[in-house]
Undergrad: 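For reference, the structure I am asking about is given below.
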2 protein chains.
Amino acid sequence: MGRVKPSKFEIFLNYKLWLSSVTGEGIIEEDRYELLQLIKERGSLKAAADEMKISYRKAWGDLKKAEELLGYELLVRQRGGKDGGQSQLTDKAIKLLAAYHELHVKMDDAVENAYEEFKKFTSIK
Amino acid sequence: MGRVKPSKFEIFLNYKLWLSSVTGEGIIEEDRYELLQLIKERGSLKAAADEMKISYRKAWGDLKKAEELLGYELLVRQRGGKDGGQSQLTDKAIKLLAAYHELHVKMDDAVENAYEEFKKFTSIK
DNA sequence: AGGTGATATGCACCTGTATGCATATCGATA
DNA sequence: TATCGATATGCATACAGGTGCATATCACCT
């Protein structure tokens, strides 16, 4: 979520950006982006969920739904083995993350600009 | 809520913009903007709520909370009278709406641009 | 072969938010 | 001054999404 605080005013300007299916169901938004990012770093869904302090149950369910909506896999999962298992991002997932990030950066800029406009409003009062 | 559909791809790009208090509590977002807009046109909170198909109870509660967070009134209410009563927007409310709208227009542009970036992603596939 | 720890998934519960319902207040007009 | 319809507000219920818990599966390592 983006956030800007116009000075001298107790109003904050926020925005949320997300990718969705035709039906409007969310695929990737702020939290899922972070979750995927953490999985990429930790190589584990559980570790990522723990870090984000959300239940593994939810993290898993969210990703499953996202994959279902996208029609392709976001994770390469491995069960069993030395450490019990692990998960990595697929190439598509990595590209999707990059695209989302790109979008977010652009939106941040836009909000920053819009903020100027808002300051005018606050000065009119 | 803004929405753009990158062609040839079943993914939609959405965003939501809202003003909030320091604590993050929402003051004005899409729905409340529309509600206020309708009140402006109809001169009635009830009529606006009906039109939006939300309960009067909720509409009323939402506005009350918004006013509370802003620290000033959004509506000039009148109870009783010929038609039972009516509501109009205060000057501040009108300015706030205009400011919000301005922000939204800017964001729409930004999304439109970001959309180009996203198309690149979809072509990589 | 058994232990271990992450992935996989159903289900019951919990909690915050919306909806509905009930009721009070108010004031111009008939 | 009685009526009517919108504003005002409490409260109980309905509902959705998240959390926790339980349980199964899997495969490397000792």
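Letters A, B, ... are given to chains in the order of the sequence lines, protein chains preceding strands, and every chain is numbered from 1. Everything quoted here is computed from the prediction, not taken from an experiment.
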Undergrad: Check the distance between dA16(D)'s P and Asp62(A)'s CG and give it to me in whole angstrom.
TA: 18 Å
Undergrad: OH/Tyr100(A) to CG/Leu13(B) distance, rounded to the nearest 0.5 angstrom?
TA: 9.5 Å
Undergrad: Which residues in residues 39-53 of chain B have at least one heavy atom lying under 4.0 Å from any atom of DNA chain C?
TA: none
Undergrad: Applying the side-chain hydrogen bond (donor to acceptor under 3.5 Å, both in side chains) test to Asp62(B), which of Lys64(B), Lys58(B), Lys65(B) qualifies?
TA: Lys58(B)
Undergrad: Assess whether side-chain contact (heavy atoms from CB on, under 4.5 Å) is satisfied between Leu63(B) and Ile39(B), documenting all intermediate values.
TA: CA-CA 11 Å; Leu63(B) 288 184; Ile39(B) 292 174; 3.6 Å; yes
Undergrad: Going by salt bridge (charged side-chain N to carboxylate O under 4.0 Å, His left out), name the residues that satisfy it together with Arg57(B), two or more places apart in sequence or in a different chain.
TA: none
Undergrad: Give me the ring orientation class for Tyr33(A) and His101(A): parallel if the planes are under 30° apart, tilted from 30 to 60°, perpendicular past 60°.
TA: parallel
Undergrad: Please identify each residue that fulfils salt bridge (charged side-chain N to carboxylate O under 4.0 Å, His left out) with Glu41(A), with sequence neighbours left out.
TA: none
Undergrad: Please report the distance, rounded to the nearest Å, between CG in Leu35(A) and P in dG18(D).
TA: 13 Å
Undergrad: List the steps and the verdict of ring pair (Phe, Tyr, Trp, His ring centres under 6.0 Å) for His104(B) and Tyr15(B).
TA: CA-CA 10 Å; His104(B) 223 291; Tyr15(B) 80 91; 5.3 Å; yes
Undergrad: Are the side chains of Glu34(A) and Leu38(A) in touch, meaning some heavy atoms are under 4.5 Å apart?
TA: yes
Undergrad: Show every donor-acceptor pair shorter than 3.5 Å between a side-chain atom in residues 74-81 of chain A and any protein atom, with sequence neighbours excluded, or say none if there are none.
TA:
from     : atom 1 : to       : atom 2 : distance (Å)
Arg77(A) : NH2    : Glu67(A) : OE1    : 2.7
Arg77(A) : NH2    : Glu67(A) : OE2    : 2.9
Gln78(A) : OE1    : Gln86(A) : NE2    : 3.1

Undergrad: Between Ile54(B) and Trp60(A), which residue's closest nucleotide on DNA chain C lies nearer the 5′ terminus?
TA: Trp60(A)
Undergrad: Determine, step by step, whether Tyr56(B) and Asp50(B) satisfy the side-chain hydrogen bond (donor to acceptor under 3.5 Å, both in side chains) criterion, reporting the C-alpha distance in whole Å, the side-chain angles of both residues, the deciding distance to 0.1 Å, and the verdict.
TA: CA-CA 7 Å; Tyr56(B) 171 85; Asp50(B) 285 349; over 6 Å; no
Undergrad: Students should find this one: the first and last nucleotides of DNA chain C, 5' to 3', lying under 4.0 Å from a heavy atom of chain A. What are they?
TA: dG5(C) to dC11(C)
Undergrad: Are Glu29(B) and Asp31(B) close enough that some pair of their side-chain heavy atoms sits under 4.5 Å apart?
TA: yes
Undergrad: Atom pairs, N/O to N/O, protein against nucleotides 25-30 of chain D, distance under 3.5 Å?
TA:
from    : atom 1 : to       : atom 2 : distance (Å)
dT25(D) : O3'    : Arg79(A) : NH2    : 3.1
dC26(D) : O2     : Gly80(A) : N      : 3.0
dA27(D) : O4'    : Gly81(A) : N      : 3.2
dA27(D) : N3     : Gly81(A) : N      : 3.0
dC28(D) : O4'    : Lys82(A) : N      : 3.2

Undergrad: Students often get this wrong, so: under 4.0 angstrom with heavy atoms, is Arg57(A) touching a base, only sugar-phosphate, or nothing?
TA: base
Undergrad: How many whole angstroms separate atom CG of Asp83(B) from atom C1' of dT3(D)?
TA: 13 Å
